[in-house]
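A short write-up of the structure that comes next.
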Amino acid sequence: MKIEVNTHERCMIDFAAKHPEVLVMSADLGSSCEVKKFRATYPDRYLTMGIAEQNMCSWAAGMCREGFRPFIHTFSVFLYRRILDQLEMSVAYPNLPVVFVGFVPGITTPGGVSHQSINDVGVLRTVPNMTIFDIGDATEIEGVLNLAYEVNGPVYIRMLRKEVPRLFPADEPMQFNRARVLSEGDDILILSSSICTEEAIRATGALKAKGLSVQHMHVSTLKPFTDPAILDALKKCRYGCVTIENHYQIGGLGTAVADMIAENGLGTKLVKIGVPGYTHGASKMYLMKKYGIDAMSLVNAVESLAGKDLGITEDFLEEERFVDFLEV
């Protein structure tokens, strides 16, 4: 599996070269949010706002009214929990095109509960005019800035940083409100997002090897959530659907799917896999396993939903772990 490094840093510089009205704002986390080189490249278009996220949000709203397109950068937890009032009143209410680039979403940081944004999607899905993207790999990092720009309204991006896998072909960029079909089948539907998609790929390979027909779709647009392909997949899955996400069990991808099932009068069974509550600081893979958002947890959920014991073990999944998805 190919690993890319500092993809957002390169993409932000290239993107700004095409759009002179783009500004970057940072809440004293330029290095941590991969915009340090942007500052060196475009010093007049980089604003260091200090550890004052509320003020940064208000500034971004004012800059929008002057014709600029601000992309504000900090850890995701500070872009919804700390600045919610300014976000709603200064940006979302007037529907201004501020892009909130939130790094280390969910449990991708060892910083513990104060730095882990496990309910950000749930909160921001309730904000009118807000669009939400959840990044899954380097290819999506390369495409998300253009999509955010085209929205022409407030956008929240759950961004990945530093070493990021390339799960999807580089010439197939992410699409607005369209899921990626990674596997086709009609027994079980798996919907995954963010870092959980890599785990779901491993689980899907094991499940299919045991004879289960699995439809696996990667979801990168969490709001709006009206993709007709997801609706069609929900209608045809024989046993039901399992969602897996780097987010609290309530309010995120699983809840969006539950809404779609209810609103369309479907009888599809749904199992939601997500973070069960506040977590502590540790490595990403340790936390994913401890809190049940890894490949083995997904296999167990699918077996329960299908009423079958497929005999899949951790050892089998480890064999799948390093398979290059692009060559499968």
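Predicted model, so just to flag it, every value in this text is computed and none were measured.
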Contact summary for S193 and E245, nearest pair of heavy atoms
OG-CB, 3.6 Å

Counting distance only, does the side-chain N/O of R158 pair as donor-acceptor with the main-chain N or O of S117 below 3.5 Å?
yes

Between R166 and E4, does any NZ, NE, NH1 or NH2 come within less than 4.0 Å of an OD or OE carboxylate oxygen?
yes

Any idea which heavy atoms bring T268 and C237 closest together, and the distance?
CG2-SG, 3.6 Å

Should L287 and V113 be counted in the same cluster of Ile, Leu, Val, Met, Phe, Trp and Tyr side chains packed under 4.5 Å apart?
yes

Could you tell me whether a side-chain N or O of R45 sits under 3.5 Å from a main-chain N or O of A16, the two making a donor and an acceptor?
yes

Please check this pair: side chain of T204 against backbone of A200, looking for a donor-acceptor N/O pair closer than 3.5 Å.
yes

Counting C-beta onward and ignoring hydrogens, is there a side-chain heavy-atom pair between C64 and P70 closer than 4.5 Å?
yes

Heavy-atom nearest pair, I141 first then C11, reads O-SG, 4.2 Å

Would the distance check show the side chain of T108 and the main-chain N or O of P105 forming a donor-acceptor pair, the cut-off being under 3.5 Å?
yes

Can you check whether F71 and F15 have ring centres sitting under 6.0 Å from each other?
yes

Minimum side-chain heavy-atom gap T41-Y46 below 4.5 Å:
no

Any donor-acceptor pair under 3.5 Å linking the side-chain atoms of D28 with those of T48?
no

Does I188 offer a backbone N or O that forms a donor-acceptor pair with the side chain of R238 under 3.5 Å?
no

Are H73 and F100, when compared by the centres of their aromatic rings, separated by less than 6.0 Å?
no

Would you compute the distance between atom CG of D134 and atom CE of M174 and round it to the nearest 0.5 angstrom?
9.0 Å

Taking CZ in F38 as the centre, count heavy atoms belonging to other residues, nucleotides or ligands within less than 6.0 Å. Is the count above 12?
yes

Taking the side chain from S90 and the backbone from L87, do they hold a donor-acceptor pair closer than 3.5 Å?
no

Minimum-distance pair of heavy atoms, taken over all atoms of D227 and A179
OD2-N, 2.7 Å

Donor-acceptor pair, side chain of S76 and main chain of G102, under 3.5 angstrom:
no

Take atom NZ in K162; do more than 12 heavy atoms of anything else shown fall under 6.0 Å from it?
no

Decide yes or no for L147 and V151: does some side-chain heavy atom of the first lie under 4.5 Å from some side-chain heavy atom of the second?
no

Separation between CG of L212 and NZ of K308, rounded to the nearest 0.5 Å
6.0 Å

Please confirm whether the backbone N or O of A295 pairs with a side-chain atom of E199, one donor and one acceptor, at under 3.5 Å?
yes

Restricting to non-hydrogen atoms, name the atom on N246 and the atom on I107 that form the minimum distance, rounded to 0.1 Å.
OD1-N, 3.0 Å

Step by step, would you call E9 with R161 a salt bridge (charged side-chain N to carboxylate O under 4.0 Å, His left out)?
CA-CA 9 Å; E9 179 178 73; R161 65 173 183 169; over 6 Å; no

Check whether D294 reaches the backbone of K289 with its side chain - one donor and one acceptor, N or O, closer than 3.5 Å.
no

Can you confirm whether the side chains of T139 and E172 place a donor and an acceptor under 3.5 Å from each other?
no

Determine whether the side chains of T197 and H218 contain a donor N or O and an acceptor N or O closer than 3.5 Å.
yes

Roughly how far, to the nearest 0.5 Å, is the CZ atom of R202 from the CD1 atom of I312?
14.5 Å

Quick check: are there more than 12 heavy atoms from other residues, nucleotides or ligands sitting under 6.0 Å from NZ of K236?
yes

Measuring from atom CG of N95 to atom CG of N152, what distance do you get when rounded to the nearest 0.5 angstrom?
8.0 Å

Under 3.5 Å, is there a donor-acceptor pair between the side chain of E303 and the main chain of L310?
yes

Nearest heavy atoms of K223 and V127, plus distance in Å:
NZ-O, 2.5 Å

Could you tell me whether R180 sits above the aromatic face of F168, with NZ or CZ closer than 6.0 angstrom to the six-membered ring centre and within 45 degrees of the axis?
yes

So, taking the atom named CD in E198 and the one named CG in D137, what distance separates them when rounded to the nearest 0.5 Å?
9.5 Å

Going by the side-chain contact (heavy atoms from CB on, under 4.5 Å) test, name the single residue among T255, D259, I261 that passes it with V257.
I261

Could you state the interatomic distance from CD (E88) to CG (L124), rounded to the nearest 0.5 Å?
8.5 Å

Do the side chains of D186 and Q215 get nearer than 4.5 Å, heavy atoms only?
no

Could you check whether the rings of F176 and F133 sit parallel, tilted or perpendicular, using 30° and 60° as the cut-offs?
perpendicular

Steps toward side chain to side chain contact (heavy atoms under 4.5 Å, CB included) verdict (L266, L231):
CA-CA 9 Å; L266 306 182; L231 180 59; 3.9 Å; yes

Can you list the steps and then say if R69 with E21 is a salt bridge (charged side-chain N to carboxylate O under 4.0 Å, His left out)?
CA-CA 6 Å; R69 294 293 294 269; E21 72 278 20; 5.3 Å; no

If we ignore angles and hydrogens, is there a donor and acceptor under 3.5 Å between the side chains of Y156 and D120?
yes

